Amino acid sequence: MQQNIARDKASTVSESRNDKLIGYLQQHLPKLVLAPSFAVILMFVYGFILWTVYLSFSASKMLPNYTWVGLEQWSRLWNTLTWQISLQNLFIFSVLYIGLCIVIGLSLAILLDQKIRLEGGLRTLYLYPMALSFIVTGTAWKWFLNPGLGLERTMHEWGFVDFKFDWLINSDMAIYTVVIAGVWQASGFIMAMFLAGLRGIDNEILKAAQIDGAPAWKIYTRIIIPQLGPVFLSAFVVLLHLAIKSFDLVIALTGGGPGNATSLPATFMYSYSFTRNQIGVGASSAVFMLMIIASIMVPYIYSEIKGGKK
Amino acid sequence: MSFLNIENVNKHYFDVEVLKSINIEINKGDFLVLVGPSGCGKSTLLNMIAGLDEISGGDISIDGQSMAGVHPSKRDIAMVFQSYALYPNMSVAKNISFGLEMRKVPKVERDKAVQKVAKMLQMEQLLDRKPSQLSGGQRQRVAMGRALVREPRVFLFDEPLSNLDAKLRVDMRTEIKQLHQRLGATIVYVTHDQIEAMTLATKIAVMNAGIVQQFGSPEEIYDNPVNTFVAGFMGSPSMNLIQAKVCKVEDKLCFEVATADQDRPLLLPIERDQQALVSYLNRNVTLGLRPETITDPGSANRSEGQIHEADLMVKVTEPTGADMFVVTQLGGTEVVARMRSRCGALAGQSCRFAFDVSRNLAFDGDTGDRIQ
């Protein structure tokens, strides 16, 4: 009898100890699970950002060299012709890429929104390019636009002997082939974003506009599109950071050429850091790209957080 | 000549029949309420009047003019939606004047019309705001303003009050009724709330399962429902529908209703529709008793009705302040009686009930149609 009681007591003590451990785990498990990835991100993302910032002020050439040289690398960067071309190309590319993607995406979304048959199938068809990697897109378009292989040769074979389309090897026009390939890939995705926005509009508003006597195009320009503001903003942010990061598309399509006619900040950064032994210049170009993206993203994220709190 | 004429209208989506030969006629200045449970087709019918839904068969005409193939904007109608359907990107003033702008009314006239409507609805101070800055009641006003400014031939309301809280709903109901009286407008109004239907309408169409069950004035619908659906749907608390048997006691036709005490059924003398009920002798019928026809003996209306009293067991009492609803068991179901608030009825005890037998209704036990 007494033994039994003693045993019961012992088991309740060990049980309560178990309960405590489980309680502790339940409380802290999320933190324990997240800790490793948190440490890794802290180190390899934010740590390396700071390291790169430091390198941009150092005398690094082929290998990191921690001698502080102030703004020397930055002034070398801005005196490099290729960097100026890269920035110019980035400007042309992002304006056309963002503009065309939004115009084409919105038009496709409006056309798909007319209660047509096979909408599901068409939607998927337009979305497929986004599933391809930029390397595949770039390579496919390189073959297609290559005067000796693709469109131009096909047209010649069909008998249009005077047909000429050599933008890929024309240094004035090559950047526009990057725009074409980029727009082809992303506009289906932007279409999906706009389609979701269109579907979110209250059906009764459209009925009210019909009764008010607005013709279809006026319903779009006066009532629907003004309501899509948030979608425009999201599309803009998504496209802008894709544009600034563009690297693999250019590498696969033109390799930055002919010459450096299609060089973009990302390809510039890569070639200076890793093939031309100018890590300091490469680092300062990388920091500059970060500054462009941050100047767009920080206000956006801030407004999202503020909007969420409301 | 009727103003709005709905003639033999059908609607089917593929094989599903939504509306079956609807016939409704109203005059200019009438307030027609389409009432019924959700899914009965009332909103579809309204959309068809507006031209937002196509008609599968039949015709709708306004002021003698067939509306077949006429675009919604050319029908000279205005509609107020359940969600208000305000344009969120436009100010209140723009919302109200958008329809006029689309009809190419000059700006000076538009501004004048907006001011007039804003004054009528007392929302002049709201004109520059966006819909998102308005409360539910204010949005409702803007939606009405948008309809009023066009001065259409017919106003269509699609459950306009169902998104408002209870108190605001009663206020807006009164306001809509005043507006109707002042403007003499022709209105078609959809609701599932039978109180709204009774208070607002000059004509009610009770709908169920795509069929107009009964069309008539609110009094006709309330006092002379044609079947058990209309009888049960209109009125709050709803009519008691109980099983009864027609029998003859001492040469007088009576309804025999089972009570909690099996040996002593309740006998209610038949005063109404006697001729029709003779053929139902010894057959089961459904007896319809409005709660207000069952009272305590003290508040029974002896001058107009014919009162029959009986002692019954009280199951539950529900005081509402003004009245007390007393529940008892009759004919196998619970029956609600409406008594004075201090009549002394107590749950679990016996109480004296007074039945006004002159207002009892009888329905066929199988079809649910009125026997009269």
Side-chain angles (χ1 to χ4, degrees), chain A residues 102-103 105-107 109-110 113-120 190 193-237 300 303-310, chain B residues 43-44 46-53 70-91 94-105 110 130-133 139 142-147 149-150 152-160 162-163 190:
Chain A
I102 286 179
V103 168
L106 181 61
S107 315
I110 288 174
D113 197 33
Q114 309 300 315
K115 297 198 176 73
I116 54 169
R117 271 189 298 173
L118 293 173
E119 190 214 303
I190 300 303
M193 287 175 74
F194 277 114
L195 200 56
L198 289 175
R199 294 286 147 84
I201 287 175
D202 182 3
N203 214 4
E204 286 194 338
I205 290 182
L206 307 184
K207 286 184 184 173
Q210 256 183 51
I211 290 177
D212 267 345
W217 65 274
K218 260 199 178 145
I219 294 183
Y220 276 105
T221 55
R222 293 287 304 274
I223 292 162
I224 296 181
I225 294 176
Q227 284 186 59
L228 293 178
V231 185
F232 275 98
L233 186 63
S234 305
F236 177 76
V237 169
Y300 174 70
S303 77
E304 286 283 290
I305 292 169
K306 219 174 124 195
K309 267 185 191 158
K310 266 183 195 170
Chain B
S43 287
T44 310
L46 193 74
N47 279 338
M48 284 157 71
I49 298 172
L52 298 168
D53 256 339
V70 178
H71 189 267
S73 61
K74 301 278 190 293
R75 296 187 176 204
D76 202 3
I77 49 153
M79 191 156 170
V80 178
F81 294 88
Q82 183 174 5
S83 67
Y84 317 137
L86 301 179
Y87 310 128
N89 52 306
M90 298 185 195
S91 69
K94 276 264 175 204
N95 259 289
I96 294 174
S97 64
F98 186 71
L100 297 176
E101 192 190 330
M102 289 299 119
R103 286 178 169 71
K104 311 225 158 49
V105 175
R110 254 162 31 207
K130 287 275 172 70
S132 57
Q133 297 166 305
R139 283 180 208 186
V142 178
M144 299 219 320
R146 191 167 65 178
V149 77
R150 298 236 323 271
R153 286 189 295 189
V154 181
F155 288 94
L156 306 175
F157 287 83
D158 190 0
E159 308 213 13
S162 55
N163 285 350
V190 163

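Just the heavy atoms: all of them, side chains too, but no hydrogens, waters or symmetry mates, feed the values below. If you're wondering where the values come from, they're calculated on a predicted model, not measured in any experiment. First the proteins, then the strands, lettered A, B, ... as listed; each starts at 1.
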Between chain B and chain A, which donor-acceptor atom pairs come closer than 3.5 Å, counting both backbone and side-chain atoms?
unit_1: A:D202; atom_1: OD2; unit_2: B:S83; atom_2: OG; d: 2.8
unit_1: A:E204; atom_1: OE1; unit_2: B:S83; atom_2: N; d: 3.0
unit_1: A:E204; atom_1: OE1; unit_2: B:S83; atom_2: OG; d: 2.4
unit_1: A:A209; atom_1: N; unit_2: B:Y87; atom_2: OH; d: 3.3
unit_1: A:I211; atom_1: O; unit_2: B:R103; atom_2: NH2; d: 3.3
unit_1: A:D212; atom_1: O; unit_2: B:R103; atom_2: NH1; d: 2.8
unit_1: A:D212; atom_1: OD1; unit_2: B:R150; atom_2: NH1; d: 3.4
unit_1: A:D212; atom_1: OD2; unit_2: B:Y87; atom_2: OH; d: 2.8
unit_1: A:R222; atom_1: O; unit_2: B:N89; atom_2: ND2; d: 2.8
unit_1: A:R222; atom_1: NH1; unit_2: B:E101; atom_2: OE2; d: 2.8
unit_1: A:R222; atom_1: NH2; unit_2: B:E101; atom_2: OE1; d: 3.3

Gap separating the [atom1] atom of [X] from the [atom2] atom of [Y], nearest 0.5 angstrom:
| X | Y | atom1 | atom2 | answer |
| --- | --- | --- | --- | --- |
| A:I110 | A:L228 | CD1 | CG | 8.0 Å |
| B:M79 | B:F157 | CE | CZ | 11.0 Å |
| A:M193 | A:I102 | CE | CD1 | 9.0 Å |

| field | chain B contacts, top residue of A:P215, A:A214, A:G229 (heavy-atom pairs, under 4.5 Å) | value |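 Sorted descending by pairs with chain B, the first entry is A:A214.
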| So which of A:I205, A:L206, A:I211 has the biggest tally of heavy-atom pairs under 4.5 Å with chain B? |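 If we count pairs closer than 4.5 Å to chain B, A:I211 comes out on top.
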| query | Residues two or more places apart in sequence or in another chain: which of them pass side chain to side chain contact (heavy atoms under 4.5 Å, CB included) with A:V237? | reply |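 A:V237 satisfies side chain to side chain contact (heavy atoms under 4.5 Å, CB included) with A:M297, A:Y300 once adjacent residues are dropped.
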| query | chain A heavy atoms under 4.5 Å from B:L86: which part of the residue, side chain, backbone, both or neither? | reply |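 Backbone only.
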| Got A:I223 and A:I201 here, is their nearest side-chain heavy-atom distance under 4.5 Å? |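 The answer is no; the side chains never approach within 4.5 Å.
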| said: I'd like to check A:V231 versus A:L106 (side-chain heavy atoms, cut-off strictly below 4.5 Å). Are they in contact? | reply: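 They are not in contact (no side-chain heavy atoms under 4.5 Å apart), so the answer is no.
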| said: My understanding is that only residues two or more places apart in sequence, or in another chain, count here; which of them pass ring-ring contact (aromatic ring centres under 6.0 Å, His included) with A:F194? | reply: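 So A:F194 forms a ring-ring contact (aromatic ring centres under 6.0 Å, His included) with A:F232.
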